[in-house]
Amino acid sequence: MNRYAISDIHGCCRSFEALLDRIALTTADELYLLGDFIDRGPDSKGVFDLIFRLRKEGYQVHCLRGNHDQMLLNAFKDYKALQMWMVNGGEQTADSFNAYLLEDIPSTYIHFLEELPYHFESGEYLMAHAGFDCRLANPMENTTAMMWIRRWYDQLDRDWLGDRIIIHGHTPCTQQQILDHLAKVDELPIIVIDNGCVYQRPGMHQLCAFDLNNRRFFFQPNVESK
């Protein structure tokens, strides 16, 4: 059994599927998806449908909640939240569903997001979409931070973390920055896996998978336009 973590797919369904082919995922493996399934990329609905199909076929796919997933849920609350979602990639998500109104998005997809947890633990690894607010005695109490926090490394509570290693996405990094994090994991037990799949920037525009067992990365270039 292998364990893999992927984050920040952002509607890039074809790139996601290509990355799964690259790692040769099997039903004996465990796949951890650390949130932000939607927005900015062209096929958020396709990402959901692929996850649903994998689970139906017996693949062990575990999904976390990201800030973009939460923004879609918040969009049902009031107009201001709806506007915030739309200007942060929600328009592309709505288009993938051919949705003119929020209510045009089938409830199956909304219920999926509503049931997502905020963190996972697997062996020596602790996973969240964004990170943890270690200013608190119990960082698990701040679910908002797990979806949104940035610039938190200097607050890391080593006593709370113990021998675990944190894996997160949310903050786009270049491939070299990601590799540097892994090289220094004994000094700073944090691994970032967001390679900015939706951003056409140097060192980015790739979807990243981390092999938890063997501590290696797989990088899949964005193929949405091909």
Begin with the C-alpha distance, continue with both residues' side-chain angles, and end with the deciding distance and a verdict on side chain to side chain contact (heavy atoms under 4.5 Å, CB included) for Glu17 and Arg14.
CA-CA 5 Å; Glu17 195 161 17; Arg14 295 180 65 183; 5.8 Å; no

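- For the pair Ile51 and Leu33, the minimum side-chain heavy-atom distance is below 4.5 Å.
- With contacts defined as side-chain heavy-atom distances shorter than 4.5 Å, the pair Phe210/Tyr32 does not qualify.
- One N or O on the side chain of Gln177 and one on the backbone of Thr174 form a donor-acceptor pair closer than 3.5 Å.
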Run the numbers on Gln220 and Gln206 for side chain to side chain contact (heavy atoms under 4.5 Å, CB included), then give the verdict.
CA-CA 5 Å; Gln220 169 60 50; Gln206 299 184 119; 6.0 Å; no

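- With a 4.5 Å cut-off on side-chain heavy atoms, Phe218 and Cys208 do not count as touching.
- The ring-ring contact (aromatic ring centres under 6.0 Å, His included) test applied to Tyr109 returns Phe48, Phe52, Phe97, not counting sequence neighbours.
- Closest approach of Ala81 and Asp78 over heavy atoms only: N-OD1, 2.7 Å.
- Looking only at side-chain heavy atoms (C-beta outward), Ser7 and His129 come within less than 4.5 Å of each other.
- Under a cut-off of 6.0 angstrom, the local environment of CZ in Arg150 is crowded, with over 12 non-hydrogen atoms contributed by other residues, nucleotides or ligands.
- Taking the side chain as every heavy atom from C-beta outward, Pro189 and Leu161 approach each other to under 4.5 Å.
- Without hydrogens or angle criteria, Asp39 side chain to Gln92 main chain gives no donor-acceptor distance under 3.5 Å.
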Verdict with reasoning, His170 to Asn67, per side chain to side chain donor-acceptor pair (under 3.5 Å):
CA-CA 8 Å; His170 183 57; Asn67 61 302; 3.2 Å; yes

Side-chain donor-acceptor distances from residues 139-149 under 3.5 Å, at least two apart:
residue: Asn142; atom: OD1; partner: Thr144; partner atom: N; Å: 3.3
residue: Asn142; atom: OD1; partner: Ala145; partner atom: N; Å: 2.9
residue: Asn142; atom: ND2; partner: Asp133; partner atom: OD2; Å: 3.1

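- Not counting sequence neighbours, the partners of Glu124 by the salt bridge (charged side-chain N to carboxylate O under 4.0 Å, His left out) test are Arg3.
- Annotation: side chain to side chain contact (heavy atoms under 4.5 Å, CB included) contacts of Glu121 (sequence neighbours excluded): Leu126, Arg164.
- The cluster map of Ile, Leu, Val, Met, Phe, Trp and Tyr, joined by side-chain heavy atoms under 4.5 Å apart, puts Phe37 and Leu64 in the same cluster.
- Taking 4.5 Å as the limit, some side-chain heavy atom of Cys12 sits within range of a side-chain heavy atom of Asn222.
- Residues satisfying the salt bridge (charged side-chain N to carboxylate O under 4.0 Å, His left out) criterion with Glu91, sequence neighbours excluded, are absent altogether.
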Can Ile193 and Asp8 be said to form a side chain to side chain contact (heavy atoms under 4.5 Å, CB included), step by step?
CA-CA 9 Å; Ile193 61 172; Asp8 297 87; over 6 Å; no

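- The local environment of CD in Glu103 is crowded, with over 12 non-hydrogen atoms from other residues, nucleotides or ligands closer than 6.0 Å.
- Side chain of Asp29 to backbone of Leu25: no donor-acceptor contact under 3.5 angstrom is found.
- Taking the side chain as every heavy atom from C-beta outward, Leu113 and Arg65 never approach each other to under 4.5 Å.
- Between the side chain of Asn195 and the backbone N or O of His205 there is no donor-acceptor pair closer than 3.5 Å.
- At least one side-chain heavy atom of Asp49 sits less than 4.5 Å from a side-chain heavy atom of Lys45.
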Ile178 and Phe219: side chain to side chain contact (heavy atoms under 4.5 Å, CB included), yes or no, with the steps?
CA-CA 11 Å; Ile178 290 171; Phe219 294 94; 4.1 Å; yes

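- Atom CD1 of Ile38 and atom CD of Gln70 lie 10.0 Å apart (nearest 0.5 Å).
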Could you please spell out the steps behind the salt bridge (charged side-chain N to carboxylate O under 4.0 Å, His left out) verdict for Asp211 and Arg215?
CA-CA 5 Å; Asp211 178 344; Arg215 293 194 182 180; over 6 Å; no

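- For the pair Asp104 (side chain) and Leu101 (backbone), a donor-acceptor distance under 3.5 Å is present.
- Residues satisfying the ring-ring contact (aromatic ring centres under 6.0 Å, His included) test with His168, not counting sequence neighbours, are Trp152, Tyr153.
- Val185 and Tyr125 end up in the same hydrophobic cluster when Ile, Leu, Val, Met, Phe, Trp and Tyr side chains are linked at under 4.5 Å.
- More than 12 heavy-atom neighbours from other residues, nucleotides or ligands sit within 6.0 angstrom of CZ on Arg55.
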Go through the steps for Arg40 and Tyr199 under the test side chain to side chain donor-acceptor pair (under 3.5 Å), then give the verdict.
CA-CA 9 Å; Arg40 298 198 170 112; Tyr199 300 112; 3.0 Å; yes

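- Cluster annotation: Leu73 is connected to Tyr79 through the hydrophobic network of ILVMFWY side chains, with a link wherever side-chain heavy atoms come within less than 4.5 Å.
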